[in-house]
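Values below: every heavy atom of this structure, side chains too, minus hydrogens, waters and symmetry copies.
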Amino acid sequence: MQHIDTSAFDNDIQGRNIPAGSVFRDVLGKTPTLLVFLRHFGCIFCRETVADLKKIHAEDPDYPAVLFFYQGTPHEGDAFFGAVWPEARAVADIPRRFYNAFGIERGGMREMFGPAVWACGVRATAKGHTIGMKTGDPWTMPGMFLVHESRILWQHDFKHAGDHPDFYQIKQHLSEMT
């Protein structure tokens, strides 16, 4: 089981539904949290991820808390999440401190435009999602970690930009870990 670099715990954060003066440790709380690193707000797969997690969260009040990270300003986060999931908690991470701390990498041509990505684009489009204006580095890969305190309980290793874990299985992973 991996541990989170504890230096990240005391980083100041700001964003959507984040109390002023918070540090990362404050928003993790005492229960497992799903950390979701978005590519950029214009990404069709990011929009799909946010919508899917919103739906699951509404269906299951015992689903782990979700904390998004995005490469934009608090204002950009308010505009995006205000339209798609007003209650979502999201951290503005323009300097990519958390992206770097969690090892979120940049993808290449295959990870961004390969055949598997196009197939996933059909899936996201069928759900009603479209491409929008980017915020942040469009070559950034997504990331997803289920954490509790300083431990990483589970993570999804994204193969490409459209790779999509089974969100319903995350709660199963959690029950196996506890």
Side-chain angles (χ1 to χ4, degrees), residues 2-58 60-107 129-156 158 161 164-165 167 170 174:
Q2 295 179 320
H3 287 272
I4 301 169
D5 177 1
T6 54
S7 66
F9 278 82
D10 296 318
N11 281 333
D12 294 333
I13 59 172
Q14 57 181 331
R16 175 108 183 146
N17 295 320
I18 304 291
S22 292
V23 295
F24 182 54
R25 177 187 319 275
D26 296 338
V27 297
L28 281 180
K30 302 292 183 203
T31 60
T33 302
L34 183 63
L35 306 181
V36 180
F37 291 83
L38 300 174
R39 292 186 54 241
H40 63 87
F41 290 148
C43 172
I44 190 171
F45 307 118
C46 294
R47 293 166 177 231
E48 177 188 30
T49 294
V50 172
D52 288 353
L53 285 169
K54 177 184 178 186
K55 178 180 181 248
I56 292 168
H57 211 266
D60 184 356
D62 294 327
Y63 198 79
V66 177
L67 181 63
F68 293 100
F69 290 81
Y70 63 94
Q71 304 172 80
T73 66
H75 177 73
E76 290 166 327
D78 281 342
F80 177 79
F81 286 102
V84 297
W85 189 0
E87 301 80 21
R89 296 179 314 146
V91 175
D93 190 18
I94 290 176
R96 298 175 48 90
R97 289 182 299 183
F98 293 100
Y99 281 79
N100 293 332
F102 280 87
I104 307 298
E105 298 180 352
R106 297 180 87 222
H129 303 290
T130 59
I131 296 172
M133 295 298 293
K134 73 167 188 69
T135 54
D137 178 4
W139 293 94
T140 297
M141 290 291 288
M144 192 169 299
F145 304 84
L146 183 63
V147 303
H148 184 237
E149 297 172 342
S150 66
R151 296 177 320 209
I152 297 173
L153 303 175
W154 170 88
Q155 73 182 63
H156 181 72
F158 286 84
H164 202 73
F167 293 121
I170 291 171
L174 179 59

Which side-chain N or O atoms in residues 76-87 pair as donor and acceptor under 3.5 Å with protein atoms at least two apart or in another chain?
residue	atom	partner	partner atom	Å
Glu76	OE1	Thr73	N	2.7
Glu76	OE1	Thr73	OG1	3.4
Asp78	OD1	Arg16	NH1	3.3

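- In terms of heavy atoms, Phe102 sits closest to Phe145 at O-CZ, 3.5 Å.
- Between Asp26 and Gly21, the shortest heavy-atom contact is OD2-O, 4.3 Å.
- For CD of Gln14, the number of neighbouring non-hydrogen atoms (other residues, nucleotides, ligands) closer than 6.0 Å is 12 at most.
- For His164, the side chain to side chain donor-acceptor pair (under 3.5 Å) partners two or more places apart in sequence, or in a different chain, are Asp52.
- Here the closest heavy-atom approach between residue Thr31 and residue His148 is recorded as C-CD2, 3.5 Å.
- Every salt bridge (Lys or Arg N to Asp or Glu O under 4.0 Å) that Asp137 has, sequence neighbours left out, goes to Arg106.
- Not counting sequence neighbours, the partners of Glu48 by the side chain to side chain donor-acceptor pair (under 3.5 Å) test are Arg123, Lys127.
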Are Asp93 and Tyr70 close enough, and set up right, to give a side-chain contact (heavy atoms from CB on, under 4.5 Å), and what steps lead you there? CA-CA 6 Å; Asp93 190 18; Tyr70 63 94; over 6 Å; no

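- Side chains of Met144 and Leu35 form no contact here, defined as non-hydrogen atoms less than 4.5 Å apart.
- Residues meeting the side chain to side chain donor-acceptor pair (under 3.5 Å) test with His40, sequence neighbours left out: none.
- Aromatic ring centroids of Phe98 and Phe37 lie 6.0 Å or more apart.
- No side-chain heavy atom of Asn11 sits less than 4.5 Å from a side-chain heavy atom of Val23.
- The minimum heavy-atom distance between Phe41 and Leu38, with the atom names listed, is CE2-CD1, 4.1 Å.
- For Asp60, the side chain to side chain donor-acceptor pair (under 3.5 Å) partners at least two apart in sequence or on another chain are Lys171.
- In terms of heavy-atom proximity, Ala92 sits nearest to Gly72 at CB-O, 3.2 Å.
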